[in-house]
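Letters A, B, ... are given to chains in the order of the sequence lines, protein chains preceding strands, and every chain is numbered from 1.
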Protein chains: 2
Amino acid sequence: MMSNDPGELDEVIHAIAKVNRLLRQAGEGLASSAGQTHSRRMVLQTLGDGMSVAETARRLGMQRQGVQRIADDLVRDGLARYEENPLHKRAKLLKATPSGLRRLREIERAHAEWVGRVAASTGGADWGATRRDLELLAEALRDAG
Amino acid sequence: MMSNDPGELDEVIHAIAKVNRLLRQAGEGLASSAGQTHSRRMVLQTLGDGMSVAETARRLGMQRQGVQRIADDLVRDGLARYEENPLHKRAKLLKATPSGLRRLREIERAHAEWVGRVAASTGGADWGATRRDLELLAEALRDAG
DNA sequence: GATCATTTGACATCATGTTGTCATTCTTCT
DNA sequence: AGAAGAATGACAACATGATGTCAAATGATC
């Protein structure tokens, strides 16, 4: 098996933190033009046709309660609502309202345009390979934790 | 110039968010064994021989005030202290105390051992290439922002 | 030197996300 | 059925980090 230099990995770890920060800032900027925030968009986007809060959290890789708070905010602002779940009395289905969907579409359009621009300006990168390595790292971290 | 699929980049973005979360959790775990937290360790480690809060923030890529709060916590707990700065009356130098250095060494030992383990279990990854791609992305994001 | 812009730390406020606890609801096993 | 365990949302406390405002200190320009 090929042996890796721990120093290289350490640099990758720092780079990930840095890029993550930049990505979040960019995400906030994109969402704010539609009066939303990065996390609210992520939750809204993940909901799809209706999904429990716990399931949404799992898909996002977040804690349940973090999503719960965002979800309550979305409902308070009329972008989503809880609907009865025939399969589970307690786990209501969170679903985007028409208004929430409109906002989501706005942000998604801006996001797609933005990703396209970034992708075009990073022609030298091999995103397929990078993605594979990141997934590999995620798996190793889950195993180590 | 090679053209990149925006969809691939989008997947990379999601992977970065996921890995970043896992890394932070791992970092908290490592630091907590020495009674510290991830961010406090980062600040303590960046200080070196003494550095203003603002300079520390720049190196970490964080906001000045975020580091300020961490720094005050470190001082309150006796792990760092402010010293007079001959070059700047207002910008005092933040410096680790002997006790802070001891804690830092503990965490660094555990961290190095941990990175080594993760590096060993991800032999199939090319961290050099991944790092280059991440730096490329960081640059593109800074330009776009 | 005088003036204006920048840098810096202090202070406050806020959004995000984690952690822990609890009661309710569902699922599984016997 | 009944009991034990897991999943779920409500509620609260907390750490993290961003943002904005202010006054003091520094640096740049004229």
Side-chain angles (χ1 to χ4, degrees), chain A residues 17-18 20-29 31-32 35-44 46 50-77 80-94 145, chain B residues 17-18 20-29 31-32 35-44 46-47 50-77 80-95 145:
Chain A
K18 189 166 59 178
N20 184 255
R21 202 179 306 267
L22 290 165
L23 283 174
R24 167 159 279 280
Q25 284 170 2
E28 295 292 351
S32 75
Q36 292 305 303
T37 68
H38 187 55
S39 352
R40 291 166 72 149
R41 174 211 148 209
M42 299 296 278
V43 170
L44 213 44
T46 306
M51 191 177 291
S52 76
V53 165
E55 176 64 22
T56 307
R58 274 191 295 269
R59 302 224 183 164
L60 284 172
M62 282 178 56
Q63 289 301 111
R64 200 161 39 96
Q65 300 303 356
V67 175
Q68 183 75 57
R69 199 174 45 68
I70 305 283
D72 290 344
D73 288 349
L74 286 173
V75 169
R76 174 174 46 74
D77 293 356
R81 67 164 166 268
Y82 290 113
E83 300 195 345
E84 293 306 315
N85 185 351
L87 300 177
H88 199 305
K89 242 178 230 168
R90 190 173 181 86
K92 285 169 287 185
L93 289 179
L94 184 63
Chain B
K18 189 167 57 178
N20 184 255
R21 189 168 275 119
L22 289 166
L23 283 174
R24 166 158 279 281
Q25 283 170 2
E28 295 292 351
S32 74
Q36 292 305 303
T37 67
H38 187 55
S39 350
R40 292 167 71 150
R41 174 210 147 207
M42 299 296 277
V43 170
L44 212 45
T46 306
L47 287 184
M51 191 178 290
S52 75
V53 165
E55 176 64 21
T56 307
R58 275 190 296 270
R59 302 224 185 163
L60 284 172
M62 282 178 57
Q63 288 301 111
R64 197 163 38 97
Q65 300 302 358
V67 175
Q68 183 76 57
R69 197 175 46 70
I70 306 282
D72 290 343
D73 288 349
L74 286 172
V75 169
R76 174 174 45 75
D77 292 356
R81 66 164 165 269
Y82 290 112
E83 299 195 345
E84 292 306 316
N85 184 352
L87 299 176
H88 199 306
K89 243 178 234 170
R90 191 174 179 86
K92 288 168 288 185
L93 289 179
L94 185 62
K95 201 169 168 177

Item checked: Name of the residue among B:Q25, B:K18, B:R24 meeting side-chain contact (heavy atoms from CB on, under 4.5 Å) with B:R21 -> B:Q25
Next item on the list: Could you name each residue pair satisfying salt bridge (charged side-chain N to carboxylate O under 4.0 Å, His left out) that touches residues 85-94 of chain B, not counting sequence neighbours?
Entry: none
Next item on the list: Could you state the atom-to-atom distance from NE2 of B:H88 to C1' of C:dT8 in whole Å?
Entry: 5 Å
Checklist line | Helix axis bend for the helix from C:dG1-D:dC30 to C:dT30-D:dA1 - C1'-based end axes, five pairs, 10° rounding | finding: 40°
Item checked: Whole angstrom value for the distance that separates P of C:dA15 from CD of A:Q36 -> 13 Å
Notebook entry, point to check: Taking the nucleotide of DNA chain D with the closest heavy atom to each, which residue, A:V53 or A:Q25, is nearer the 5' end?
Noted result: A:V53
Item checked: Counterpart residues, salt bridge (Lys or Arg N to Asp or Glu O under 4.0 Å), relative to B:R64 (two or more places apart) -> none
Next item on the list: Name the first nucleotide and the last nucleotide along DNA chain D (5' to 3') that come under 4.0 Å of a heavy atom in chain A.
Entry: D:dT8 to D:dA18
Note to self: From CZ of B:R58 over to C1' of C:dG9, roughly how many Å is that when rounded to an integer?
What the structure shows: 13 Å
Margin query: In this structure, how many angstroms lie between the P atom of C:dT27 and the CG atom of A:N85, rounded?
Written below: 10 Å
Next item on the list: Let me know the distance between CD of B:E28 and C1' of C:dG20, rounded to the nearest Å.
Entry: 16 Å
Next item on the list: Mark yes or no for a side-chain to base donor-acceptor pair under 3.5 Å between B:R90 and C:dT8, with no hydrogen or angle criteria applied.
Entry: yes
Notebook entry, point to check: Taking for each residue the nucleotide of DNA chain D with the nearest heavy atom, is it A:R21 or A:E55 whose nucleotide lies nearer the 5' end?
Noted result: A:E55
Checklist line | Length of the CZ-P vector between A:R24 and C:dA15, whole Å | finding: 14 Å
Note to self: I'd like to check A:M42 versus A:M62 (side-chain heavy atoms, cut-off strictly below 4.5 Å). Are they in contact?
What the structure shows: no
Check: For DNA chain D, what residues of residues 60-69 of chain A have any heavy atom nearer than 4.0 Å?
Finding: A:R64, A:Q65, A:Q68
Note to self: Tell me every residue that passes side-chain hydrogen bond (donor to acceptor under 3.5 Å, both in side chains) with A:E83, counting only those two or more places apart in sequence or in another chain.
What the structure shows: A:R81
Check: Once you round to the nearest 0.5 Å, how far does CG of B:L23 lie from CD of B:E28?
Finding: 11.5 Å
